[in-house]
Each structure stands twice: as C-alpha cells, then as structure tokens.
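What follows is a single structure, written as structure tokens, with notes after it.
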There are 2 protein chains.
Amino acid sequence: MPVSSADPPGDRPSARDAFSDLALAVFRLNGGLIEAGDALVQDLGLTSARWQVLGAIALAPAPLPVAHIARNMGLARQSVQRVVDDMQAEGLVRLAPNPHHRRAALVAMTPSGEAAYHRAIARKDRWADGLTDGLPPAAITAAVRLLRTLQERIDASHAHIATLAGAPRQESEE
Amino acid sequence: MPVSSADPPGDRPSARDAFSDLALAVFRLNGGLIEAGDALVQDLGLTSARWQVLGAIALAPAPLPVAHIARNMGLARQSVQRVVDDMQAEGLVRLAPNPHHRRAALVAMTPSGEAAYHRAIARKDRWADGLTDGLPPAAITAAVRLLRTLQERIDASHAHIATLAGAPRQESEE
DNA sequence: GTCGAATGGACAGCTTACTGTCGATTGGGG
DNA sequence: CCCCAATCGACAGTAAGCTGTCCATTCGAC
C-alpha cells in the first residue's frame, strides 16, 4: 500500500493520516521481523517462512494436508507447498499417507524438525523478553486487537475497493 | 518470524505471547494491505510497491537518487532500482541528471506519474475512512507508536540476536 | 450409482523483496 | 596530488509470496 503525507498541519491527526502511518509502520515492522527471524534461526536450517509453517503444524491438533495449512495461515497453497517440499527434502518434515484422501498427504514434523522448532521458540522467547522490556503487556494486546480489527475490515472491504477503483470519475473530488 | 503458541493457560497474557500474536498480526496485515493496495490502484498502472516508491519521492523536498530513496524506505537499493526502472519504462517517472554525481541520476515523477499518485491517494483516503470508522484515532496512533518502538528495538538488537543464535548451548534452558 | 462441485497437488510463470560482486564516481585525508 | 573510503548503479542469482491451468480424488445431491 501507500505512503502517508506528513501528519496534518495544525489540528488533530486525522484517522486517515494515522492509518497511512500505521500502514507504513506495518510494512517496516514486517520486514524487520522477517529479517530478525531469519537471523535468529539461520543455523538451525530454518527461515522465518519455514518457522511459520512449522508453527502452523505444531498448532494443529492433528497432521494436515498442505492446502489446509495454507488456509490456516492465510496464504496461498503454492507458497506453503514449496516451503514444505524444501523442508521435506531436508528432513524437517515428512509426509504421511492420508487415510481420507489418497493424494493429499499429511504433513508432520520429523524429530529433527521438532528439535529445530523448539530451539527456535526458546530463542524467540528470550529475544522477545528484551524487546518488550518495559512495555505494558496491555499496550501490546491492544495493538494486536486493533490490527486484527483492521484485518477483518480489510477482508470485508473487497466490494468497497472495487467501487473506489471502478468508479470512473468522482475520485477527483474526494 | 514465528508463530505463537496458544495464549497462556490461566494467568495474565505474558508479553512473550502477546509479542508472538503481534508478529502474526503484522504478517497478516502486511499481506492484506499489499493485496488491497494492489486492487485499489491496479487500473492506474500502479502496484503497492510502485505507489510506495512514488510516496517516498513525493515526500522528499528534492529529487533523490535511487539509493537514497531506498534508504529512506528501509529497503535494499536493488528492490527500488527495479521498480524505478519499470516505472521509467512506463513513463511514470523520469531520470534527471544529477549535478553532483554523473552516474547517480535523480528520480522525479512525470506529470502522468503525479496524476496516478494523486488519484491513488484520493482512493486510499476514502477507503481508510471506511476502515477506521468508529475506531478512536488515539488507538491508532498508540499502535503506531508501539510498532515504531518495537522497530527501533529490533534494529538495535542485532548483537543480541547474534548472541542468542550463536550461543551453542544454554538455550535448552530458557 | 453417477455426475458435479469442492478440494488437493503438480507444473509453469510472475512480482517483490533479498544477497553478493563488480566497476564508476566522488570527496576527503595525508 | 593522490589514494582510499563511501556511495552509486549494473548484473546475477535466491527466497517467498502470488497467479493460472490442469488433473486426481472425494463426497454429496440427485
């Protein structure tokens, strides 16, 4: 998405500008988290993406097929598929036959995958302790709630976006 | 980065878990914003990435070389370079000679680039009005502040990460 | 029982970020 | 004055997301 203009001249910061600032902050933090996550687990044979997939596997009560994992993560099937293929080739994950569907194998961690995942979590926890030191937990959870609310509204706004983008004129006057 | 485990059993949500939840929310919202931004400006010949680069150009008081724009955006030079090349090929942006450096041309918007950019902003504003409706602006700015604080701490934590990742043992005991 | 929709994987190709390496240009220290 | 460090662009290659198309499998409606 976009870039904010400088916040407003004199008055209260409009929700518009606050939203733009938030979008910028999300883009930057996304990059920072991925970069830091990669550095944190690099020597375990993991990356941020692999770690996230392992997390989705760990979170599920039973092994799932790739497409199901992708749905849980909010990603496209193929994105997860490639990561799983790579991890399978390196022995972090294995594919178990699915009694309910012949082609849709179930993805499960190997012992070495579990070991890497747990070491990753331990590192993340110690890292997070430093990052959140002195920040009120309530502030963090409030931010999480706000981000999730926006996420839900965005997911629900596809029709509105089509209107805004499709409307031939009328956008010159906002 | 990672995935949270379920939030804690009975007690207060630990900052650790809140942090994991925040990371997840940031990943998802990042994806949602990019997707929505792409849809919003698609017919203008823009993408979220192009729009952000144009924003960085618009924000600067004077035209800048690619490497400088990239620094301002927190991205790698090459990422911006390719987007600029594409936009130049399509006439959204033009390269002006740099009096101070023969090879480092200055990037400036063409009139058609400016037009697209302003239409994009108008759409974003109307979209943002809907998304933030009923949300207290203070909540948004508070979230922005939190995200920026974390961003700064992450940027400053590279040494710490190296310690956590490098320390051969000791991570089994957190 | 059969057909069709929903779901899943495979294959191919695109976008946007990254990295590393190279040569060109500039400007400052000795 | 010269050389070195910093900066910039070019080129090449990687990671991680996306899309679209195709075929296989399953399951439910009829």
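Throughout, protein chains are lettered first and strands after them, A, B, ... in sequence-line order, and every chain is numbered starting at 1.
- If you check C:dT26, C:dA17, D:dT25 against the side chain of B:Arg82, the one that comes closest is C:dA17.
- The distance from atom CE of B:Met73 to atom C1' of C:dC18 is 14 Å, rounded to the nearest whole Å.
- Summarising the geometry, the separation between CZ on A:Arg28 and C1' on C:dC18 is reported as 16 Å, rounded to the nearest angstrom.
- Distance from the side chain of A:Ala104 is smallest to C:dG9 among D:dT7, C:dG9, D:dA16.
- Nearest nucleotide to the B:Arg71 side chain, out of C:dA17, D:dC8, C:dG9: D:dC8.
- The shortest distance between the side-chain N/O atoms of B:Thr47 and the OP1/OP2 oxygens of C:dT16 is below 4.0 Å.
- Distance check, rounded to the nearest 0.5 Å: CZ of B:Arg16 to CG of A:Asp129 gives 4.0 Å.
- In this structure, A:His100 atom NE2 and D:dT25 atom P are separated by 17 Å, rounded to whole Å.
- Of the listed nucleotides (C:dG9, C:dT7, D:dG17), D:dG17 has the atom at the smallest distance from the side chain of A:Val83.
- Whole-Å rounding puts the A:Leu46 CG to D:dA15 P distance at 14 Å.
- Comparing atom distances between the B:Leu75 side chain and each of C:dG8, D:dT7, C:dA17 picks out C:dA17 as nearest.
- Dashed line: the shortest gap from a side-chain N or O of A:Ser79 to OP1 or OP2 of D:dC18 is under 4.0 Å.
- Residue B:Asn30 holds its CG atom at 7.0 Å from CD1 of A:Ile34, rounded to the nearest 0.5 Å.
- Within 4.0 Å (heavy atoms only), B:Arg103 reaches at least one base atom of the nucleic acid.
- For the side chain to side chain donor-acceptor pair (under 3.5 Å) criterion with A:Asp85, the lone passing option out of A:Gln81, A:Gln88, A:Arg82 is A:Gln81.
- A salt bridge does not link B:Arg119 with B:Asp43: none of the charged nitrogens is closer than 4.0 Å to a carboxylate oxygen.
- Judged by closest nucleotide on DNA chain C, B:Arg77 is the one of B:Arg102 and B:Arg77 placed further toward the 5' end.
- Closest to the side chain of B:Pro65, out of D:dC8, D:dT25, D:dG17, is D:dC8.
- One can place CD1 of A:Ile69 at 11 Å from P of C:dG8, the figure rounded to the nearest angstrom.
- Rounded to the nearest 0.5 Å, atoms CG (B:Leu135) and CG (A:Leu150) are 6.0 Å apart.
- With the nearest nucleotide of DNA chain D identified for both B:Val66 and A:Arg50, B:Val66 has the one nearer the 5' end.
- When heavy atoms are screened at a 4.0 angstrom cut-off, A:Ala76 is found touching base atoms of the nucleic acid.
- The CH2 atom of A:Trp51 sits 17 Å away from the C1' atom of D:dA16 (whole-angstrom rounding).
- Protein atom NE2 of B:His68 is 11 Å distant from nucleotide atom P of D:dG9, rounded to whole Å.
- The CG-C1' distance, from B:Leu33 to D:dG17, rounds to 15 Å in whole Å.
- With 3.5 Å as the limit, one finds no donor-acceptor pair spanning the side chains of B:Asp38 and B:Thr47.
- In this structure, the nucleotide among C:dT16, C:dT19, C:dG8 sitting nearest to the side chain of B:Gln78 is C:dT19.
- When heavy atoms are screened at a 4.0 angstrom cut-off, B:Glu35 is found touching no nucleic acid atom at all.
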